[in-house]
Amino acid sequence: HDSTGPRGKPTLPLVYQAVQALYHDPDPAGKERASVWLGELQRSVRSLAGLLRHSAEQDFVLPVQEGVPEDTDDFGEFRMRVSDLVKDVIFLVGSMECFSQLYSTLKEGNPPWEVTEAVLFIMAAIAKSIDPENNPTLTEVLEQVVLLPETVHIAVRYTSIELVGEMSEVIDRNPCMLDPVLNFLMKGLREKPLASVAAKAIHNICSVCRDHMAQHFQGLLNIARSLDSFALSTDAAVGLLKGTALVLARLPLEKIAECLNDLCAVQVMALRKLLTQDSSSGKLSDPTVWLDRLAVIFRHTNPIVENGQTHPCQKVIQEIWPVLSETLNAHQNDNRIVERCCRCLRFAVRCVGKGSASLLQPLVTQMVSVYQVYPHSCFLYLGSILVDEYGMEEGCRQGLLDMLQALCMPTFQLLEQPNGLRNHPDTVDDLFRLVTRFVQRSPVTLLSSTIIVHIIQCAIAATTLDHRDANCSVMKFVRDLIHTGVTNDHEDDFEIRKRLIGQVMEQHGQQLVTQLINTCCFCLPPYTLPDVAEVLWEIMVFDRPTFCRWLETTLKGLPKETAGGALTVTHKQLTDFHKQVTSAEECKQVCWAIREFTRLYR
């Protein structure tokens, strides 16, 4: 920034320093410094609104005379950083005061388009932080913006559309403004430079004004049907479909099925066309655009369905399943496209919940069949979704266990290769998400199976993996597994669970404790220690006396000296650590003890 504050310091960085100190410096002296900075700032700049007006007039007017603001160049990045900063610090002087003063700049004078655009840009950054309830200024701004003639500079139109999108809560409280706002945005949607920003604004309005937008669903559907006739970015097109799906979910239940079918029809027809072309030409076309669009529709179509009612989306998804299955088969060797297929199916299953039961058997059969040849980890994740939805259904448990066993065999083969765990962290992550879902939904089914021994051995080996997500999933599995032996003791299956966990711990407990302590000391970074502490805590809660013996045996086996003969840890330090852990009354005490102890080996 060219403008400087007190003692020649740039003003915006000064605000930034003060706010950073206020929020991130735990030292009281830091808070005091922050107060001094703020005092200097407030004396130098009587209000943030004045600073922003000055900035608008001099510092970030658009450097070109043609076109719309670009987000990707250096200047666009600077504007975004200013916008983020304004959102962070606007509370210093009050967002409504700033907004009103900026608006008066436009209302009272006749500034050049560059200044108008810059002021609108800052107003857009502030708009969401203002309470829209009974606020005539916001309503007046909205009324004036949608009346802007098409002859104003296109950059001003672009930023005014952004502002309208940020004022969706004002529109929700003033539904009489919805028609003029939508007319204003539709004009932008038809112009290439403004299409994507207009689509984003429509998406925002659909998200906030879902009930009011229901009467405009047919218009949204018409836009969705001709989506590719507009010059939209991929994200903007997906956002429009998301907004349309959110509004669709608010329609009467009897209308949802037909409207969902219409909304999906364009994407399904495109997928069918690709499959037909690919079959005749022998070349595979990329279906990800259509899969992503279907996924966003399924993800955000969440109508309220009472118990006993048939889900309105059920029939549509059943009809779409064959084309998704065929697309998955056609691209089964392409991990990127298979991931998109699985993502689409995941949201379809989540959309209708138990209503997708008819898809369960053919979907699982296809997943297992493809996974034997192409072990894409996304199948494991999709499996975890199926277990989450159906794992508590008595009639589905054995089939889901068969699925797990079929998926585990090629997974273990992959992970048992040299450096298999390190080379396939996504597979480790998704495998243990799947088995954790089983623990949560049907623990007795899993614990009674023959596969559980192999899963636990894999988990013990994977505790050494220095990969944040994968290690977190492994630790969560082990923690939740042991926890099933102590939780919900009022349920009928508690004694069975307790006995089965007891057998698991008798077989693997010593090995598990030894592995965890050694990985803490020699393998894992400090950020993983809380997860390890939770596992050790659960073991101790389940059987404290036995855990004490296991921990003692483990500590006796730790090296006392370095390779060069230097003393690493004393006998007293070992006994102190043992006492701290085994006498802990809450998990965080275990974590503190581990953190201090492992520093001796780092």
Taking the side chain from [X] and the backbone from [Y], do they hold a donor-acceptor pair closer than 3.5 Å?
X: Q332; Y: N329; answer: yes
X: E393; Y: Y390; answer: no
X: T137; Y: S100; answer: no
X: D172; Y: S168; answer: no
X: H331; Y: D334; answer: no
X: N261; Y: A257; answer: no
X: N174; Y: V170; answer: yes
X: T411; Y: L407; answer: yes
X: Q361; Y: A357; answer: no
X: S285; Y: L274; answer: no

Is K476 salt-bridged to D531, cutoff N-O under 4.0 Å?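 Salt bridge: no.
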Salt-bridged, E394 to R397, with N to O below 4.0 Å?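 Yes, charged N to carboxylate O under 4.0 Å.
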Quick one, [X] and [Y] - any side-chain contact, counting heavy atoms below 4.5 Å?
X: P287; Y: I337; value: yes
X: L481; Y: F477; value: yes
X: P303; Y: H311; value: yes
X: I122; Y: V119; value: no
X: L380; Y: P375; value: no
X: E319; Y: V268; value: no
X: V141; Y: M167; value: yes
X: Y381; Y: C342; value: no

Please report the closest heavy-atom contact between [X] and [Y], naming both atoms and the distance.
X: A195; Y: A231; result: CB-O, 3.5 Å
X: S160; Y: L120; result: CB-CD1, 4.3 Å
X: G188; Y: A198; result: C-CB, 3.9 Å
X: V474; Y: F432; result: CG2-CD1, 3.6 Å
X: T436; Y: S473; result: OG1-O, 4.2 Å
X: L400; Y: V387; result: CD1-CA, 4.1 Å

Run the side-chain contact (heavy atoms from CB on, under 4.5 Å) check on V266 and L227 step by step: do they pass? CA-CA 9 Å; V266 175; L227 208 55; over 6 Å; no
Euclidean distance, [Y] [atom2] relative to [X] [atom1], rounded to 0.5 Å:
X: L246; Y: I297; atom1: CG; atom2: CD1; answer: 11.5 Å
X: H153; Y: T159; atom1: NE2; atom2: OG1; answer: 10.5 Å
X: K200; Y: L185; atom1: NZ; atom2: CG; answer: 13.0 Å
X: L220; Y: I202; atom1: CG; atom2: CD1; answer: 7.5 Å
X: Q372; Y: Q413; atom1: CD; atom2: CD; answer: 8.5 Å
X: L240; Y: F230; atom1: CG; atom2: CZ; answer: 8.5 Å

Tell me, yes or no, whether the heavy-atom count around [X] atom [atom1], taken from other residues, nucleotides or ligands under 6.0 Å, exceeds 12.
X: I304; atom1: CD1; answer: no
X: K354; atom1: NZ; answer: yes
X: M269; atom1: CE; answer: no
X: E140; atom1: CD; answer: yes
X: R225; atom1: CZ; answer: yes
X: M392; atom1: CE; answer: no
X: Q405; atom1: CD; answer: yes
X: R336; atom1: CZ; answer: yes

K128 and E169: CA distance, side-chain angles, deciding distance, salt bridge (charged side-chain N to carboxylate O under 4.0 Å, His left out) verdict: CA-CA 8 Å; K128 273 190 178 175; E169 289 189 13; over 6 Å; no
F438 and side chain to side chain contact (heavy atoms under 4.5 Å, CB included): which partner among L401, D388, I451?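 The passing option is L401.
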Could you go step by step and tell me if K187 and E191 meet the salt bridge (charged side-chain N to carboxylate O under 4.0 Å, His left out) rule? CA-CA 7 Å; K187 291 175 185 175; E191 295 187 40; over 6 Å; no
Indicate whether any N or O donor in one side chain lies under 3.5 Å from an N or O acceptor in the other, for [X] and [Y].
X: S356; Y: E389; answer: no
X: T288; Y: D286; answer: yes
X: Q366; Y: S325; answer: yes

From CA spacing to verdict: side-chain contact (heavy atoms from CB on, under 4.5 Å), L386, M367: CA-CA 12 Å; L386 297 176; M367 286 167 55; 3.9 Å; yes
CA sep, side-chain torsions, deciding dist, call: V152, T116, side-chain contact (heavy atoms from CB on, under 4.5 Å): CA-CA 10 Å; V152 300; T116 300; over 6 Å; no
F379 vs Y371 aromatic rings, parallel, tilted or perpendicular, using cut-offs 30° and 60°?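 Perpendicular, since the angle between the ring planes exceeds 60°.
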Are R299 and R350 close enough, and set up right, to give a side-chain contact (heavy atoms from CB on, under 4.5 Å), and what steps lead you there? CA-CA 8 Å; R299 183 176 189 177; R350 288 295 198 199; over 6 Å; no
